[in-house]
Every structure is written in structure tokens, then in C-alpha cells.
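Quick notes on the structure that follows.
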Amino acid sequence: MELPKGTVRRVNACVLRLRDSPRLGRVVRRRLTVVTYTGRRSGKTFSTPVAYRRSGDTVTIGVQLPDAKAWWRNFLGAGGPILLHLDGEDRPGHAVSRRDDKGRVTVTVTLEHPPAR
């Protein structure tokens, strides 16, 4: 299923507005974050909103409609670096994506510990 890029951009823009909203932002940020990564082929930096679950320093992202998206492919095999906007700051981590035998894709991010202050 291929979604038109314009539709995806509009939906992502709406999600980001909700996330930044003074009224709903706190609630939305509990389940939505923004991931920033470098494209494996282009070398360009991209950011996209995603739903996530967090347990300590591990963040799990279930990729919906994975065949219509490409971002998670940057983290196949050994994975790679990623930034997640959590708790009001960008947190670096290492992301690895896996596809199960049913075609579901999960990206697991291990967050780096913040430097000691």
C-alpha cells in the first residue's frame, strides 16, 4: 500500500502540531516522539513522528504499514544511530529494526546515557 507523499506530509504535520499543542501536547508526547536519522543512501537527515513505548533506556517502535515506509530500513542488520525527542530533549541511541515471520516490523532503540553533569 503506497500512500501519496503529500498525504503523508500533511498527516505528519498535523501530528507534530498536536504534539506541540499547549492543550494536548503533554498527553500526545507520552506516546508520540520524533525520530531523526541519516538516510542510508542519501546521507540526508530526516525527521518523522512515530508512536513508541518506553521501558527505561529501551524504546520500542512498532512500524505501521511497513511496506509503505522506508525509514526503518536504515536500521536493518547491525542498526545505526538515531535521535529521539524525549522528555523535552534529543536523546541519542542505537536503533535496530527487525521484521518477524508475519511481516510486522519493530525498531528497538537503546538510548545512550546522558553525560554526567
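Hydrophobic clustering, with ILVMFWY side chains joined whenever heavy atoms are under 4.5 angstrom apart, groups Ile61 together with Leu86. In the hydrophobic clustering of this structure, Phe46 does not group with Leu83; members are Ile, Leu, Val, Met, Phe, Trp, Tyr whose side-chain heavy atoms approach within less than 4.5 Å, directly or through other members. With hydrophobic clusters built from ILVMFWY side chains whose heavy atoms lie under 4.5 angstrom apart, Val35 shares a cluster with Leu111.
The heavy-atom pair separating Arg99 from Pro66 by the smallest distance is NH2-CG, 3.7 Å. Taking every heavy atom of both residues into account, Leu84 and Val59 meet most closely at CD2-CG1, 3.6 Å. Taking every heavy atom of both residues into account, Ala95 and Val109 meet most closely at CB-CG2, 3.8 Å. Heavy-atom minimum distance, Ser47 versus Thr36: OG-OG1, 2.8 Å.
In this structure, Leu76 CG and Arg98 CZ are separated by 10.0 Å, a value rounded to the nearest 0.5 Å. Going from atom CG of Asp57 over to atom CZ of Arg91 covers 6.0 Å, rounded to the nearest 0.5 Å.
Among residue pairs with one or both ends in residues 71-83, none qualify as side chain to side chain donor-acceptor pair (under 3.5 Å); sequence neighbours excluded.
Side-chain atoms of Thr33 come within 3.5 Å of backbone atoms of His85 as a donor-acceptor pair (strictly under, hydrogens ignored). Between the side chain of Lys69 and the main chain of Gln64, a donor-acceptor pair closer than 3.5 Å is present. In terms of modelled atom types and a separation under 3.5 Å, the side chain of His94 and the main chain of Glu112 share no donor-acceptor contact.
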Could you give the side-chain donor-acceptor pairs of residues 101-108 under 3.5 Å, partners two or more places apart or in another chain?
unit_1 : atom_1 : unit_2 : atom_2 : d
Arg104 : NE     : Asp100 : OD2    : 2.7
Arg104 : NH2    : Asp100 : OD2    : 2.9

